[in-house]
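By convention in this document, chain letters (A, B, ...) are assigned in the order of the sequence lines, proteins followed by strands, and residues within each chain are numbered from 1. Remember, it's a predicted structure, so these values are computed and weren't measured experimentally.
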Number of protein chains: 2
Amino acid sequence: MTTQSHIKSTARSLPIALLRARETVMSPIRDMLQSIHLTEQKWRVLRVLDELGEVEQSTIAHEACLLLPSVTRILRTMEAEGQISRRRDSDDKRRTMVTITNAGRSILTDNLAASLAITGNIEAQMGQEKLDQLLDLLEELQAVRT
Amino acid sequence: MTTQSHIKSTARSLPIALLRARETVMSPIRDMLQSIHLTEQKWRVLRVLDELGEVEQSTIAHEACLLLPSVTRILRTMEAEGQISRRRDSDDKRRTMVTITNAGRSILTDNLAASLAITGNIEAQMGQEKLDQLLDLLEELQAVRT
DNA sequence: TGTGAATAATAAACATGTTAACTAAATACG
DNA sequence: CGTATTTAGTTAACATGTTTATTATTCACA
């Protein structure tokens, strides 16, 4: 028995449970990313760009769960490193359109096997069905109006 | 069609899906915390201490998904603000034992109704059964060896 | 069509998180 | 015993994220 104030256990607190689960999943991924000198944030940007093609910076921010000022700084270094390219949109000159370069895409493909191994390990322990179910529920949760 | 490199969509990427789902859930909670001048991290520390009673700082770090240097800094200000108290363990003088104070516990109880309302809203949209299922799956995922 | 509001992005100041090095205490075990 | 290793916590330097203000451009609509 503890001194608890009749509050739901942290394991049943949705934000804490999501955070802890994410830490578990990210641990081996962080190891992989560290070995290729890529931050978690840059990796998400590459994933989003690979998926969506050419998009504006606000879209990257939204999809990769980053704030726009972070995106500005991150893209500046990613452009310098040749992983992405940027151009001013001619229709709306406020917009900067961003695309992944071949070099950027190579980073993803070069590490595809390692990524699949990490996912495979989790799938082997939880079972494919449960993992799919979890991803379905997470997608549904994302769609909730808050 | 996009330029995609045969990589699973980000919505089916476990770490990205967990992050996005967490952003959805945290949005109203962040509003609540901002109104009581509490950071997300301090809120997690209070939740963990309320749940576990007196624990050492490493335990807080592990349970609240924080690094030890962050815990050091966070606890220093929380002690100054009277939300927690610390004492040197007499058996093992390396350890610092931490407890939540009544003032700290009050912060949790004072905001219990608001927290329940946020959870209630999500539950109303997803259904209790699915939410329970999601929490079960998240607990299971946390237990995976990586 | 012109003027106020909204939007995209950036810059600067600040807060927070992270890494590496360090201190103090405890443990392992030769 | 006593010396090497491990552990708990802190500090300091650095990297990253966050907030607020600013600029440039476009949109809304009177």
Side-chain angles (χ1 to χ4, degrees), chain A residues 19-20 22-23 26-27 29-31 33-46 48-49 52 54-81 84-99, chain B residues 19-20 22-23 26-27 29-31 33-46 48-49 52 54-81 84-99:
Chain A
L19 186 58
R20 287 180 182 159
R22 187 161 194 280
E23 285 307 302
M26 281 310 298
S27 172
I29 294 176
R30 270 194 259 270
D31 295 343
L33 293 175
Q34 213 154 29
S35 75
I36 56 172
H37 303 103
L38 204 71
T39 64
E40 208 184 305
Q41 293 78 358
K42 287 179 183 175
W43 172 75
R44 290 207 302 275
V45 169
L46 289 178
V48 164
L49 287 174
L52 301 181
E54 185 173 55
V55 289
E56 57 189 295
Q57 299 189 170
S58 304
T59 304
I60 297 174
H62 182 256
E63 294 295 314
C65 296
L66 294 166
L67 295 178
L68 208 39
S70 298
V71 171
T72 295
R73 192 161 40 185
I74 287 169
L75 291 182
R76 186 159 45 217
T77 75
M78 291 181 78
E79 188 174 38
E81 287 163 6
I84 59 115
S85 68
R86 295 198 281 184
R87 64 171 188 84
R88 168 74 59 91
D89 182 35
S90 51
D91 290 345
D92 184 341
K93 286 169 186 163
R94 293 170 305 181
R95 286 184 164 79
T96 305
M97 304 304 290
V98 184
T99 41
Chain B
L19 186 58
R20 288 180 182 159
R22 186 161 194 279
E23 285 306 302
M26 280 310 298
S27 173
I29 294 176
R30 270 194 259 271
D31 295 343
L33 293 175
Q34 212 154 28
S35 75
I36 55 172
H37 303 102
L38 204 69
T39 64
E40 210 184 305
Q41 292 79 357
K42 288 179 183 175
W43 171 74
R44 290 206 302 274
V45 169
L46 289 177
V48 165
L49 287 174
L52 301 181
E54 186 173 55
V55 288
E56 56 189 296
Q57 298 190 170
S58 305
T59 304
I60 297 175
H62 182 256
E63 294 294 315
C65 297
L66 294 167
L67 295 179
L68 209 37
S70 298
V71 171
T72 295
R73 190 160 42 184
I74 287 169
L75 290 183
R76 186 160 46 220
T77 74
M78 291 181 78
E79 188 174 37
E81 288 164 5
I84 59 114
S85 68
R86 295 199 279 184
R87 64 171 188 83
R88 167 74 59 90
D89 182 35
S90 52
D91 289 345
D92 185 340
K93 286 170 185 162
R94 294 170 306 182
R95 286 185 165 78
T96 306
M97 304 304 290
V98 185
T99 42

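Mapped onto DNA chain D by nearest heavy atom, A:D92 and A:L66 fall at different nucleotides, with A:L66 at the one closer to the 5' end. Taking for each of A:Q34 and A:S58 the nucleotide of DNA chain C with the nearest heavy atom, the 5'-most of the two is the partner of A:S58. Along DNA chain D, the nucleotide closest to A:Q41 and the one closest to A:D89 are compared, and the more 5′ of them pairs with A:Q41.
For B:K93, the listed nucleotide lying nearest its side chain is C:dA25; candidates were C:dT19, C:dA25, C:dA9.
For the pair B:L33/B:K42, no side-chain contact is recorded, criterion being any heavy-atom separation below 4.5 Å from C-beta on. Residues A:L52 and A:E63 have side chains in contact (heavy-atom distance under 4.5 Å, counting atoms from C-beta outward). Within the 4.5 Å cutoff, the side chain of B:I74 has no heavy atoms near those of the B:I60 side chain. B:V98 has its side chain out of reach of B:V71: every pair of non-hydrogen atoms, C-beta onward, lies at least 4.5 Å apart. Annotation: side chain of B:L66 is in contact with side chain of B:V45 (closest heavy-atom distance under 4.5 Å). No side-chain heavy atom of A:L49 sits less than 4.5 Å from a side-chain heavy atom of A:T99.
To the nearest angstrom, P of C:dT10 lies 12 Å from CZ of A:R73. The nearest whole Å value for the distance from the CG atom in A:L67 to the C1' atom in C:dA11 is 15 Å. When rounded to the nearest whole Å, the span between CZ of B:R94 and C1' of C:dT23 equals 13 Å. Atoms CZ (B:R95) and C1' (C:dT27) sit 12 Å apart, rounded to a whole Å. In this structure, the CD atom of A:E56 is 6 Å from the P atom of C:dA8, given to the nearest Å. As a whole-Å value, the separation of A:L68 CG from C:dA11 C1' is 12 Å.
The phosphate of C:dT10 has OP1 or OP2 within less than 4.0 Å of a side-chain N or O from A:R86.
Between the side chain of B:R44 and the main chain of B:A64, a donor-acceptor pair closer than 3.5 Å is present. A donor-acceptor contact shorter than 3.5 Å is absent between the side chain of A:R87 and the backbone of A:M97.
Heavy atoms of A:T72 sit under 4.0 angstrom from at least one base atom. If you check every strand for non-hydrogen atoms under 4.0 Å, A:D91 touches sugar and phosphate atoms only. The residue A:T96 sits close only to the backbone: its heavy atoms come under 4.0 Å of sugar-phosphate atoms, none of a base. At a threshold of 4.0 angstrom between heavy atoms, the contacts of A:S70 include nucleobase atoms, whether or not backbone atoms are also involved.
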key: Residues B:M78, B:L46; criterion side-chain contact (heavy atoms from CB on, under 4.5 Å); working and verdict   = CA-CA 10 Å; B:M78 291 181 78; B:L46 289 177; 3.5 Å; yes

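Chain A approaches DNA chain D within less than 4.0 angstrom (heavy atoms of the protein), and the contacting nucleotides run 5' to 3' from D:dT16 to D:dT26.
To the nearest 0.5 angstrom, A:M26 atom CE is 5.0 Å from A:R30 atom CZ.
In this structure, the helix from C:dT1-D:dA30 to C:dG30-D:dC1 shows an angle of 30° between the axis at its start and the axis at its end, each fitted on 5 base pairs and rounded to 10°.
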